[in-house]
Every structure is written in structure tokens, then in C-alpha cells.
Amino acid sequence: MPHLTIEYSRNLEAGFALAETLREVNATLVASGQIRNEPDLKSRIVPLDETVVGTGLGDRGFVYCLLRLLPGRSDAVKAEMSERIAVVMRKRIPQPAGMMVQLSVEVIEMHAPSYVKEVLAA
Amino acid sequence: MPHLTIEYSRNLEAGFALAETLREVNATLVASGQIRNEPDLKSRIVPLDETVVGTGLGDRGFVYCLLRLLPGRSDAVKAEMSERIAVVMRKRIPQPAGMMVQLSVEVIEMHAPSYVKEVLAA
Amino acid sequence: MPHLTIEYSRNLEAGFALAETLREVNATLVASGQIRNEPDLKSRIVPLDETVVGTGLGDRGFVYCLLRLLPGRSDAVKAEMSERIAVVMRKRIPQPAGMMVQLSVEVIEMHAPSYVKEVLAA
């Protein structure tokens, strides 16, 4: 069931191995034991063409990761999931010279009573 | 007021009639009687260029639909809205041979006290 | 910490000064005094290629602004943040002749216990 969305400002794209990053994040999330079946985890990484960070001058970039889970985990488990994502991202996000790069990660709950989830019949 | 976002992995794009799908989803949501004025419903469908599903091998695709409503509906009504979306999507999502395709639909509430909504003066 | 996402339907792109709009929104949000350090505010504006508004005929466009804040502000403060965004957007959004253009703005809270936020070491 979980959905992961990673957004990154386009000024970070040089040398950012997108598919490898997603595979590595998926692997550590599945290894947490919190995801029942591995295909339940659906991840995407999305470039942002037009971004502005704050009001100051200078090159600035950012990456924002949002994991959506069904309810039922404690805050401690959610924080552990965030940290698993952050560990991969710290290693994978390019650091262009002179650029301030910010990382943020958040875990939120989905709305279980309305949630439809199915594998379409082939 | 409602906002609908449909995301789909790019490997599903062949034969996916995007505008027709949105029109059909909008029609069934308006037919539910839950949307006061039909132009309140604002829908978009967005391709995802870079996706990874789980950790296994094989072709995998997915579609994720998120409907945002103002508060005031029961969970049963929200589940009915999800199911209306799902009915259209099951019919419209392409099924490439050999690909595992997942559909998910979720309905969440917007934050009413901060919500600004207006038609701009022409 | 705050994240701002502005989505706009592609039929509004002619004459829409994207970077200037983001800079002006960031400036008014920082001026609110609600953002501790100006680089905490990370904003993006994103075009939507495929949109459908309601079920009626005629040209229709929309802009949707979502501000994510950490918890701790009253609804009144959130509404003030929405209004600050709306003031800029009313001025900046193009109004093509004959098109119904809708603006919506929403402020939601992030999940603090799972939130990771850091400046990556250069």
C-alpha cells in the first residue's frame, strides 16, 4: 500500500541516479519489515523545473520525500521509516559546488476507509 | 471545491485516453450529488516518468488517484466516491501484456479554515 | 520547514511569470513572521498538461496552492498565510479572454514526529 514521492529541484539533476535511488530506497523500506508485500510499495521521483528557496540570493536546491502509509504505525516507526529514506538520500543527492542543498522527509497516513487498492486483472 | 489528481506510471501511456478518462471520472463524481456546482471539481492526470514498484523484477505499473474534499462527508460517502473513481479507472487503464498493474484510490479532507476558493474576475 | 506547491493548468501559461510569482509569494510569507529562517521556505510551481474542470463546456483554468507547515499555528494564522498567497496570485495569474479561472489555496500541517529536515553538508 505505501506510496513514496520524491521531488527534487532541477538544479540537482546532474549526476543524480534516479532509478538507482528509488531501488535503494525501496530496498531499505522493504527491509524494515513494515511493508507486507514488496510490490505494495509504489515509488516515483519527480523533477521540479521551477523552484525558489526562501528570499535570499545564491544557489539553492532541495529534495522532499513523502511516504504515505496506511494507519497503524507508531510515531517511532514512522520516524524510523523517514530515517531509512534519509540515509539513502544523503548518499545519493548530488552536492553541486557552492549550492545550499536541503533534504526533508515526511511520513503521513492515508485515509483507510476510502482506500481502494487492487491489482488489475491481466 | 474538490480536487482530483491521477498519477500514472509512464509505462501505461500507450492507449491511455487521458482527457476522456478525466471527463468520465468528473461525470460520475458530479452524478454522485456530492459536488455542489460542477465547475468546483478540478481534475488533472499526470504522468510519472521515473517509477519503481517494490523490489522484484518484471514490468510493473500503477495508477494512484487522490480526491481532496472539504470536510463534512461520512467515511461511507468517501468510500463511495473512491469506488466511483475506481469503476472508471478499471475500464480505462491499459493492461500491457505481462505487466502487473496496480490501482489505488484515496479520498482525503482539505483544511477548511484556511481554504480560499474563488473564481477570478474576468 | 514550509513547503509550497503551486499547480496551474497549462492553458494559463501565456504571460505567467513563474519565477517572479514564486519570489513574490516567498517574500510575503517570510514577511508574515511565521517562518523562522527564510531558506526554510521551499517553493515550486508546476504546470498541469492535462486538466478537466467539471463537466461543462467552455475554457476553464485553475491554480491550486498548497502550503505545508509544521504544527503549532492557529487556524487564524493559517488563514492569514492563505490570504497572503491569494493576494499575490490574484495579481499574477493571467486571465485569458473568455476563460473561467479558479484559484484555490490551502494550508495543511506536516507530520512533525517523522519529519527530517537538514541542510546537507557541502
Side-chain angles (χ1 to χ4, degrees), chain A residues 5 7-12 46-69 71 73-110, chain C residues 1-8 10 13 16-49 63 66-71 84-85 88 92 108-122:
Chain A
T5 300
E7 297 178 339
Y8 65 97
S9 55
R10 184 70 88 173
N11 55 10
L12 293 174
V46 178
L48 301 168
D49 284 326
E50 199 75 46
T51 59
V52 174
V53 176
T55 55
L57 299 174
D59 273 355
R60 294 169 171 185
F62 68 89
V63 175
Y64 172 61
C65 309
L66 177 66
L67 180 67
R68 298 171 194 263
L69 295 171
R73 278 96 171 172
S74 66
D75 282 349
V77 167
K78 287 177 199 160
E80 189 218 313
M81 302 292 269
S82 279
E83 183 56 27
R84 281 180 176 269
I85 295 168
V87 166
V88 175
M89 299 313 294
R90 287 181 196 117
K91 193 177 59 180
R92 288 289 189 175
I93 297 170
Q95 296 263 14
M99 188 186 296
M100 174 203 250
V101 180
Q102 294 184 65
L103 166 67
S104 37
V105 186
E106 186 187 3
V107 177
I108 64 172
E109 294 190 346
M110 309 185 77
Chain C
M1 114 238 62
H3 282 273
L4 175 68
T5 300
I6 302 175
E7 297 178 337
Y8 66 97
R10 184 70 89 174
E13 78 182 339
F16 202 162
L18 303 178
E20 291 77 359
T21 299
L22 286 184
R23 281 196 285 266
E24 199 170 335
V25 173
N26 281 14
T28 187
L29 289 175
V30 168
S32 74
Q34 293 292 326
I35 296 171
R36 205 165 334 157
N37 301 302
E38 56 85 10
D40 290 347
L41 176 58
K42 292 167 277 284
S43 300
R44 57 285 235 173
I45 187 162
V46 178
L48 301 168
D49 285 326
V63 175
L66 177 66
L67 179 66
R68 299 170 194 262
L69 295 171
L70 282 178
R84 282 179 175 269
I85 296 168
V88 175
R92 289 289 190 175
I108 64 171
E109 295 190 345
M110 309 185 77
H111 184 252
S114 69
Y115 195 55
V116 169
K117 188 266 186 192
E118 60 196 43
V119 178
L120 298 180

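The chains referred to below are lettered A, B, ... by the order of the sequence lines, with proteins before strands, and numbering in each begins at 1.
- Remark: E50(A) pairs with no residue by the side chain to side chain donor-acceptor pair (under 3.5 Å) rule, at least two apart or across chains.
- Between F62(A) and Y8(A), the gap from one ring centroid to the other reaches at least 6.0 Å.
- Shortest non-hydrogen contact noted between P113(C) and A79(A) is O-CB, 3.6 Å.
- Closest non-hydrogen pair, I93(A) versus L103(A), comes out as CD1-CD1, 3.9 Å.
- Residue V46(C) touches chain A through its side chain alone, counting heavy-atom pairs closer than 4.5 Å.
- Neither the backbone nor the side chain of I85(A) has a heavy atom closer than 4.5 Å to any heavy atom of chain C.
- Highest contact tally toward chain C, considering only E109(A), M100(A), E7(A), is held by E7(A) [criterion: heavy-atom pairs under 4.5 Å].
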